[in-house]
Amino acid sequence: MTRAPLIVIPVKEFSQAKSRLGSRLSTDHRVALAQRLCERTLRFFARAFPDHDRLVVTASPAIGKLASKHGAMVLEEAAADGLSLAAQRAAAWACRHDYPAQLLIPADIVQLDEEEIRRLLEARRNEAPCTVICPASDGGTNALLTAPPDALSFHFGPLSAEAHREAALYQGLSCQVLELTNLRFDLDTPADLNTLDALIQQHSGETPQELKTLWNLCTAPSDMTPQIARLATP
């Protein structure tokens with residue numbers, strides 16, 4: 001039986017994560033937010049995709065222990081050298097362990113949607129080399145399927161979705177771009193906090209508990225006045 005694609009989750013040291021939110025959130029808030037998002041992502045994939053191996057790529061031994069606790073394998077980097085190198089290292093590891101493909105997803109998606117992830121995985125319909133890209137709302141890359149894992153040179157950063165598409169075409173790979181509503185939205189910038197606020201207001205009295213929890217972690221009373229009432233965190 002052909003092995004299922006490897007799910008790769010790169011994770012920064014929590015104290016170094018979410019630096020672009022520094023103007024809105026204290027260090028403690030950013031650490032708590034990064035940890036919550038990471039733990040929730042690990043739980044989601046363990047529950048929804050138990051038939052797929054998960055690999056966390058990190059330079060943090062503490063995050064490695066957390067990943068192992070949730071049933072993920074760990075590729076520990078000697079240093080945090082950026083997302084592109086983390087993806088490259090994961091791809092090399094995946095190839096050494098005979099995975100036919102890898103799906104790289106960050107640990108900061110606001111609403112993980114099982115159906116959207118399955119659409120990404122099912123976009124690879126045969127054994128031919130291919131790439132599937134889900135752009136982030138700011139033009140970055142929020143999910144990247146590569147088959148084989150090292151089929152593509154990685155170009156994470158500003159406007160990386162287009163950079164990955166161009167790289168795939170240059171390398172002669174089949175390339176699909178999937179615009180997936182929930183997967184497009186991550187928590188990375190002050191503008192994303194405003195989007196989260198608007199999303200919660202749209203839900204009104206039926207706001208999912210996880211959105212409430214994330215909002216609490218994103219609310220620093222000293223420097224940020226939310227447009228909605230403070231919500232209770234379990």
Side-chain angles (χ1 to χ4, degrees), residues 4-21 25 29-77 80 83 86-87 89-90 93-94 101-121 132-138 140-145 156 178 180-189 192-193 195-196 199 208-218 233-234:
L6 177 69
I7 293 174
V8 175
I9 307 168
V11 184
K12 275 186 181 180
E13 176 74 54
F14 296 141
S15 62
Q16 299 173 8
K18 304 301 165 196
S19 58
R20 287 190 285 174
L21 292 174
L25 300 181
H29 276 76
R30 287 187 283 113
V31 168
L33 176 62
Q35 182 169 344
R36 176 73 183 200
L37 288 165
C38 175
E39 290 180 343
R40 190 195 53 160
T41 300
L42 292 171
R43 287 195 302 270
F44 169 82
F45 281 105
R47 173 187 58 78
F49 295 90
D51 52 334
H52 289 259
D53 291 338
R54 287 95 59 204
L55 179 71
V56 168
V57 185
T58 184
S60 165
I63 291 173
K65 290 180 181 178
L66 178 65
S68 297
K69 176 183 174 183
H70 289 278
M73 298 176 291
V74 178
L75 177 58
E76 190 168 323
E77 301 178 285
L83 186 51
R89 289 166 179 153
W93 186 96
Q102 76 173 28
L103 175 61
L104 188 146
I105 293 188
D108 60 356
I109 303 301
V110 172
Q111 296 188 100
L112 287 163
D113 185 303
E114 184 175 340
E115 183 178 341
E116 289 186 348
I117 304 300
R118 292 202 184 279
R119 280 190 61 192
L120 275 167
L121 292 167
V132 185
I133 303 165
C134 175
S137 56
D138 63 357
T141 303
N142 269 5
L144 181 62
L145 177 73
F156 287 96
L178 295 182
L180 301 171
T181 301
N182 291 318
L183 199 49
R184 285 176 58 84
F185 180 34
D186 55 14
L187 278 178
D188 218 20
T189 67
D192 294 331
L193 298 183
T195 301
L196 176 60
L199 182 62
Q209 184 59 54
E210 183 58 25
L211 292 184
K212 298 178 184 179
T213 299
L214 292 178
W215 177 256
N216 273 347
L217 294 173
C218 291
T233 304

Nearest-0.5 Å distance that lies between atom [atom1] in [X] and atom [atom2] in [Y]:
X      : Y      : atom1 : atom2 : result
Leu25  : Ser19  : CG    : OG    : 11.5 Å
Leu33  : Cys38  : CG    : SG    : 11.5 Å
Ile7   : Thr41  : CD1   : OG1   : 11.0 Å
Leu37  : Thr213 : CG    : OG1   : 11.0 Å
Thr189 : Asp138 : OG1   : CG    : 7.0 Å
Asn142 : Leu178 : CG    : CG    : 13.0 Å

Taking every non-hydrogen atom, the tightest pair across [X] and [Y]:
X      : Y      : answer
Leu120 : Ala143 : CD1-CB, 3.6 Å
His70  : Ala46  : O-CB, 3.8 Å
Pro61  : Ala59  : CD-O, 3.5 Å

Pairwise side-chain contact, Leu42 with Leu66, heavy-atom cut-off 4.5 Å (strictly under)
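SC-SC contact between Leu42 and Leu66 confirmed.
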Set of residues satisfying ring-ring contact (aromatic ring centres under 6.0 Å, His included) with respect to Phe185, sequence neighbours excluded
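Here no residue qualifies.
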Name all residues meeting the side-chain hydrogen bond (donor to acceptor under 3.5 Å, both in side chains) criterion together with Glu116; count only those two or more places apart in sequence or in a different chain, and write none if there are none.
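Result, side-chain hydrogen bond (donor to acceptor under 3.5 Å, both in side chains) vs Glu116: none returned.
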Under the side-chain hydrogen bond (donor to acceptor under 3.5 Å, both in side chains) test, residues paired with Arg40 that sit two or more places apart:
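Residues passing side-chain hydrogen bond (donor to acceptor under 3.5 Å, both in side chains) with Arg40: none at all.
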Salt bridge or not between Glu115 and Arg119? Use side-chain N to carboxylate O under 4.0 Å.
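Salt bridge: no.
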Set of side-chain contact (heavy atoms from CB on, under 4.5 Å) partners for Glu13, sequence neighbours left out
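Once residues adjacent in sequence are excluded, the partners of Glu13 under the side-chain contact (heavy atoms from CB on, under 4.5 Å) criterion are Ser15, Gln16, Ser60.
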With sequence neighbours excluded, tell me which residues meet side-chain contact (heavy atoms from CB on, under 4.5 Å) with Ala87.
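Listed in chain order: Leu104, Phe154, Phe156.
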Heavy-atom donor-acceptor pair, [X] side chain to [Y] backbone, under 3.5 Å:
X      : Y      : value
Asn182 : Gln111 : no
Thr58  : Val11  : yes
Asp108 : Asp186 : no
His52  : Pro5   : yes

Please verify the inter-ring angle class for Phe45 with Phe49; under 30° counts as parallel, over 60° as perpendicular, anything in between as tilted.
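Correct class here is tilted.
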Which residue pairs pass the salt bridge (charged side-chain N to carboxylate O under 4.0 Å, His left out) test when at least one of the two sits in residues 50-74, sequence neighbours left out?
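Residue pairs with at least one partner in residues 50-74: Arg3-Asp53.
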Could you tell me whether the side chains of Thr195 and Asp192 share a donor-acceptor contact shorter than 3.5 Å?
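Per modelled atom types, Thr195 and Asp192 side chains form no pair under 3.5 Å.
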